[in-house]
**Q** 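Once you've had a glance at the structure underneath, I'll fire off some questions.
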Number of protein chains: 2
Amino acid sequence: MELIEASKALSAIAQPIRLNAFRVLVVAGESGMPAGALAEKLKVAKSTLSFHLKELRHAGLATSHREGRSIIYKLEYDAMRHLLDYLTKDCCSGHPELRVSNESEINTCCPTTHV
Amino acid sequence: MELIEASKALSAIAQPIRLNAFRVLVVAGESGMPAGALAEKLKVAKSTLSFHLKELRHAGLATSHREGRSIIYKLEYDAMRHLLDYLTKDCCSGHPELRVSNESEINTCCPTTHV
DNA sequence: TCCATACTTCGATAATCATTGAAATAAATA
DNA sequence: TATTTATTTCAATGATTATCGAAGTATGGA
């Protein structure tokens with residue numbers, strides 16, 4: 001990933017409604033979520049959300065497909081991981097202190113066999 | 001860090017000139033870099049860069065101080081780390097596959113006692 | 001004090017982004 | 001086929017963002 005691509009992906013999540021939508025979609029996981037349910041959960045007009053979901057799609061961070069009457073949105077995990085990789089590696093590699101602190105992850109990473 | 005704060009920080013780096021400035025400042029490190037040198041390096045008008053540096057400052061991602069005639073900019077590493085933490089933990093914790101692939105860090109995390 | 005240097009702020013302008021009701025499209029159902 | 005449901009697209013509007021020359025501010029010398 002290079003700069004322009006990264007700044008586009010960042011723009012996509014650099015907006016409260018879209019960042020929020022993103023969070024909800026992360027929780028929704030592989031099965032995704034219909035646009036309407038998302039609009040309701042985020043309490044925004046459907047046309048407004050539709051606009052924002054389009055932005056996420058155009059940035060490659062989400063995909064959509066029709067299922068009956070609903071249109072299901074889900075995240076494009078790879079794209080997000082590429083972005084995070086870009087930020088932590090390509091961009092911040094000059095400074096290791098910028099790496100994500102992972103104290104809280106040690107347990108899930110190491111199944112505390114020492115207890 | 002919560003949503004609004006995060007989206008502000010994201011907006012700050014979601015622009016090519018600013019993301020580029022950010023990268024250069026990461027390399028510059030603790031000693032920082034004068035605004036003029038940065039403008040030259042990035043090949044943008046001084047007033048344009050001044051505008052963008054102000055954005056980085058307002059988002060809390062950079063600080064500046066005068067040194068003689070120059071104004072030195074440097075990164076606020078904590079703020080950036082908080083943002084990366086937010087993205088990887090608060091935001092993506094529902095999906096471990098979004099975590100930064102850290103093959104190179106696994107050894108430092110789990111001292112593979114099970115071998 | 002006068003001048004050059006290093007920046008920032010201002011002001012005008014252009015471009016992009018966000019919001020929402022209304023109209024359009026598409027699929028399920030009566 | 002007419003209706004309801006789910007969602008997008010359109011159009012109008014307002015808000016924010018970006019650009020850059022010119023003017024302003026602060027500092028260090030001559």
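Letters A, B, ... are given to chains in the order of the sequence lines, protein chains preceding strands, and every chain is numbered from 1.
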**Q** Identify, between A:Leu49 and A:Arg69, the residue whose nearest nucleotide on DNA chain C lies closer to the 5' end.
**A** A:Leu49
**Q** So, does B:Ser50 get its side chain near the phosphate of C:dT8, meaning an N or O under 4.0 Å from OP1 or OP2?
**A**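 For B:Ser50, the contact criterion (side-chain N or O under 4.0 Å from OP1 or OP2 of C:dT8) is met.
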**Q** Would you jot down, in residue-number order, the residues of residues 34-41 of chain A having a non-hydrogen atom under 4.0 Å from DNA chain D?
**A** A:Pro34, A:Ala35, A:Gly36
**Q** What distance do A:Thr88 atom OG1 and A:Leu83 atom CG have between them, rounded to the nearest 0.5 Å?
**A**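 The OG1 atom of A:Thr88 sits 9.0 Å away from the CG atom of A:Leu83.
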**Q** What does the inter-axis angle of the helix from C:dT1-D:dA30 to C:dA30-D:dT1 come out as, five pairs per end, nearest 10 degrees?
**A** 10°
**Q** Ignoring backbone atoms, test whether B:Ser70 places a side-chain nitrogen or oxygen under 4.0 Å from the OP1 or OP2 oxygen of C:dA6.
**A**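 For B:Ser70, the contact criterion (side-chain N or O under 4.0 Å from OP1 or OP2 of C:dA6) is not met.
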**Q** Looking at A:Glu76 and A:Asp78, would you say the former's side chain and the latter's main chain have a donor-acceptor pair under 3.5 Å?
**A**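 Flag not set: sc A:Glu76 to bb A:Asp78 has no pair under 3.5 Å.
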**Q** Taking only heavy atoms on the protein side, list every residue of residues 1-21 of chain B lying under 4.0 Å from any atom of DNA chain C, sorted numerically.
**A**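 Within this stretch, nothing sits under 4.0 Å of the strand.
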**Q** Would you confirm whether B:Arg18, through its side chain, and B:Ala12, through its main-chain N or O, come within 3.5 Å as a donor-acceptor pair?
**A** yes
**Q** Select from A:Phe51 and B:His52 the residue whose nearest nucleotide in DNA chain D is closer to the 5' end of that strand.
**A** A:Phe51
**Q** Strictly distance-based, threshold 3.5 Å: is any side-chain N or O of A:Ser50 a donor or acceptor partner for the main-chain N or O of A:Lys46?
**A** no
**Q** Determine yes or no for a side-chain-to-main-chain donor-acceptor pair under 3.5 angstrom, with B:Lys74 supplying the side chain and B:Glu30 the backbone.
**A** yes
